[in-house]
Amino acid sequence: MASIKTNSTYMLISKLSKTVLDVVAVMLLARALSVQEYGFYKQFLVSQQILTAVMSLGIPSSTIFYLSSERKREYLANVYIALGIISILTILITPLSAKLFDLNFKTSFFTTNWLELAIIYALSVFVTASENMLIALDKLKYMPIYVLLPSAFWTVGIAFSLIFETNVNFVLMIFLIRYLLYFILTVVFAHEKFDFKQLRRNRMKEILLFGLPVGVSSMIGLFSSNISKLVIGNLYDTETFAIFSNGAYEIPLLSIIGSSLFSVIIPQLKNHFDMKRLDEVNRLWNKAGLSMIPIIVSLASSFIIFSEPIVLFLFSEKYVKSVPYFTLYQIGLFFRIYSYGSLFIATGKSKLYMINAAISMVLNLVLDIILAILIGPIGAIIAGLISTFVLVILQLYQISMILNMSILKIYPWKEWMLSIGLSLLISMGFYIAYRFFSTSMYLGLGFAVVSFGISFLVLSRFVDNQVLEYALSIVKRKTKARAK
């Protein structure tokens with residue numbers, strides 16, 4: 001069994017590779033498509049994320065729970081069949097879903113392309129548990145190939161679209177092939193020899209019932225994170241939606257870094273909790289959070305302060321109006337040093353996690369509608385920040401109750417606040433220097449990178465150096481290996 005650090009590294013390398021390719025694809029797409037067609041594509045992404053969360057029914061969480069046990073052989077066949085059945089159901093409900101999305105976004109795009117979308121949705125549902133399969137079956141060494149090959153194909157396809165000036169329909173076709181590749185690689189890498197005699201209705205029921213609360217939580221979470229886009233898409237035209245959605249864009253790097261660690265510590269958190277070692281749960285939990293602070297906070301500060309050159313670099317001058325949205329939206333990243341679902345899953349409190357997500361969604365919806373109408377699209381960003389803050393405080397209080405500890409002990413408050421202050425101060429200093437010398441977009445990006453690097457080193461020195469030390473140890477090992 002590989003160590004947490006080794007598994008986290010496989011996850012991090014895999015997802016970083018995917019993120020880089022996806023960001024490049026986003027940059028190419030923003031330049032290849034007109035603002036309206038780009039808006040259609042972003043609306044499609046919202047639909048794909050929502051339908052995948054709805055139809056997967058929490059099976060990804062059930063997958064890592066049951067396939068991590070000694071009875072993985074008994075449950076593996078049941079996981080595959082459950083995913084297959086749900087994927088077929090996804091195709092059947094797509095015509096109705098397409099009409100609903102057309103109604104919300106006031107377009108005919110979804111019904112016009114419903115068959116192609118149905119296949120994409122179905123493939124998305126089937127592969128939603130693939131990464132957790134690789135984790136549970138201890139096959140993380142295949143993760144880089146699993147995420148890199150389809151993403152590379154996607155990026156090359158979008159580059160082709162830019163060169164030959166194709167339309168959004170060509171982009172959809174490339175997207176479909178990408179997920180077909182995910183499906184094929186899932187079968188190749190995550191398959192095990194299983195006996196169809198192990199298929200049991202009660203086991204499928206266990207899988208669905210265990211994952212249902214987390215699935216509903218994920219569904220609610222996806223609704224909550226996309227509510228602002230659904231509201232803006234309904235209240236404003238497609239071009240305004242495209243500008244807003246680029247502003248409300250979280251560069252995937254942040255969530256990827258956290259999920260790479262928190263996904264693989266769930267088994268250890270669960271083991272400590274089952275053995276009533278609450279102090280060990282809290283120690284591991286705090287250690288994980290502290291390790292995330294230098295990199296997450298440093299990236300967030302750089303994104304906030306250098307938002308203008310970053311937006312222009314990512315999306316081109318066509319989306320300069322996205323800058324205010326992007327700046328405000330990145331503030332929420334300061335609250336992302338933890339993936340809270342991991343602890344709720346490990347402690348068997350997935351239903352509570354679902355309730356939290358529902359409360360946040362309702363609050364977000366109400367605030368979105370009110371503020372978007374009163375002050376325009378920027379109101380939707382403010383609504384998201386308020387609901388995120390409320391959710392974080394609520395979850396921290398509940399975790400303190402679960403672990404029977406003070407809320408002051410289960411979150412690194414002092415280190416977190418110190419890090420935000422130091423990081424913003426460093427970024428502001430570099431931004432002032434950047435403005436003094438030039439307004440060049442590329443120079444701004446250079447200053448942003450240097451700002452992040454200095455901030456990361458300072459926070460690693462004064463807050464936590466786990467990530468830095470681990471990175472240096474890898475470099476030393478590689479250097480010694482080459483020397484030999």
Side-chain angles (χ1 to χ4, degrees), residues 5 8-9 12-13 15-17 19-20 23-24 27 249-261 286-315 323-324 326-338 411-479:
K5 286 185 177 180
S8 296
T9 301
L12 186 57
I13 292 173
K15 294 194 174 185
L16 280 177
S17 302
T19 298
V20 170
V23 169
V24 171
M27 294 170 62
Y249 177 70
E250 178 185 330
I251 296 176
L253 188 63
L254 290 164
S255 58
I256 285 170
I257 293 170
S259 63
S260 297
L261 172 62
N286 267 286
K287 183 179 180 181
L290 281 171
S291 70
M292 292 294 101
I293 285 179
I295 190 166
I296 296 292
V297 171
S298 297
L299 282 170
S301 297
S302 297
F303 291 157
I304 291 168
I305 302 301
F306 290 91
S307 57
E308 183 176 349
I310 290 173
V311 168
L312 295 181
F313 177 71
L314 287 175
F315 307 116
V323 172
F326 186 86
T327 303
L328 197 58
Y329 187 81
Q330 305 310 310
I331 294 174
L333 301 179
F334 286 130
F335 300 100
R336 299 290 295 276
I337 66 169
Y338 280 111
Y411 194 90
W413 295 102
K414 183 178 71 174
E415 294 86 353
W416 179 66
M417 290 186 285
L418 173 65
S419 298
I420 292 174
L422 281 175
S423 187
L424 286 174
L425 190 63
I426 292 169
S427 295
M428 278 300 300
F430 278 99
Y431 185 78
I432 292 171
Y434 154 60
R435 284 300 187 184
F436 178 79
F437 287 109
S438 172
T439 57
S440 166
M441 175 189 71
Y442 293 106
L443 186 61
L445 290 173
F447 270 92
V449 172
V450 174
S451 171
F452 161 73
I454 297 299
S455 176
F456 174 72
L457 291 174
V458 170
L459 297 188
S460 295
R461 171 67 177 82
F462 291 103
V463 178
D464 186 272
N465 64 352
Q466 292 180 73
V467 174
L468 180 60
E469 284 191 348
Y470 185 54
L472 291 175
S473 70
I474 293 176
V475 172
K476 289 179 181 178
R477 287 201 300 268
K478 295 293 183 183
T479 303

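Because the structure is predicted, anything quoted here is derived from the model rather than measured.
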Q: For W416 and F335, indicate whether the former's side chain and the latter's backbone hold a donor-acceptor pair under 3.5 Å.
A: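 Between the backbone of F335 and the side chain of W416 there is no qualifying donor-acceptor contact (under 3.5 Å).
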Q: Within this structure, what is the OH-CZ distance for the pair Y431 and R435, rounded to the nearest 0.5 Å?
A: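 Here the interatomic distance stands at 3.5 Å.
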Q: Quick check: do Y338 and M292 have side-chain heavy atoms less than 4.5 Å from each other?
A: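 Side-chain contact under 4.5 Å: no.
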Q: Scan side-chain atoms only and decide if S427 and S301 contain a donor-acceptor pair under the 3.5 Å cut-off.
A: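 No - no donor-acceptor pair under 3.5 Å links their side chains.
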Q: Just how far is it from atom CG of L459 to atom CD1 of I420, taken to the nearest 0.5 Å?
A: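 Rounded to the nearest 0.5 Å, the CG-CD1 separation comes to 10.0 Å.
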Q: Write down the atom of V458, the atom of L422, and the distance for their closest heavy-atom approach.
A: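 Distance-wise, the nearest heavy atoms are CG1-CD1, 4.4 Å.
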Q: Would you mind reporting whether L299 and L333 have side-chain heavy atoms less than 4.5 Å apart?
A: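 A side-chain contact is absent here, since even the closest heavy-atom pair is not under 4.5 Å.
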Q: For Y249, check side chain to side chain donor-acceptor pair (under 3.5 Å) against everything at least two apart and list the hits.
A: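 With neighbours one apart ignored, the set is empty.
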Q: Check whether S455 reaches the backbone of S451 with its side chain - one donor and one acceptor, N or O, closer than 3.5 Å.
A: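 Pair absent, no side-chain N/O of S455 close to backbone of S451.
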Q: Can you name the closest pair of heavy atoms from V23 and L314 and give their distance?
A: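 That would be CG1-CD2, 3.5 Å.
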Q: State the CD-CZ distance between E250 and F326, to the nearest 0.5 angstrom.
A: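 Answer for the CD-CZ pair, E250 versus F326, is 9.5 Å.
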Q: Is there a side-chain contact between P412 and V463, using heavy atoms and a 4.5 Å cut-off?
A: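 They are not in side-chain contact.
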Q: Hey, what do you get for OG (S423) to CD1 (I305), rounding to the nearest 0.5 Å?
A: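 Reported to 0.5 Å precision, the distance equals 8.5 Å.
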Q: Are the side chains of L445 and V449 in contact, using a 4.5 Å heavy-atom criterion?
A: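 Side-chain contact under 4.5 Å: no.
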Q: Has the side chain of Y434 got a donor or acceptor atom that lies under 3.5 Å from a matching backbone atom of S440?
A: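 Yes, the answer is positive, given that a donor and an acceptor are paired below the 3.5 Å cut-off.
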Q: Just by distance, do the side chain of S291 and the backbone of A288 share a donor-acceptor pair under 3.5 Å?
A: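 Yes.
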Q: Does E415 reach the side chain of D464, with side-chain heavy atoms less than 4.5 Å apart?
A: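 They are not in contact (no side-chain heavy atoms under 4.5 Å apart), so the answer is no.
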Q: If you take all heavy atoms of Q330 and A300, which pair is closest and at what distance?
A: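 Q330 and A300 have their closest heavy atoms at O-CB, 4.5 Å.
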Q: Starting at CD1 of I296, measure out to CZ of F456 and round the result to the nearest 0.5 Å.
A: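 Here the interatomic distance stands at 10.5 Å.
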Q: Please find the pair of heavy atoms, one from S307 and one from T327, that lie closest to each other, and give the distance.
A: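 The answer is OG-OG1, 2.5 Å.
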Q: Work out which heavy atom in G444 is nearest to a heavy atom in F306; give both atom names and the distance.
A: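 So the two residues come closest at O-CD2, 3.5 Å.
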Q: Rounded to the nearest 0.5 Å, what separates atom CZ in F430 from atom CG in L425?
A: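 One gets 11.0 Å once the value is rounded to the nearest 0.5 Å.
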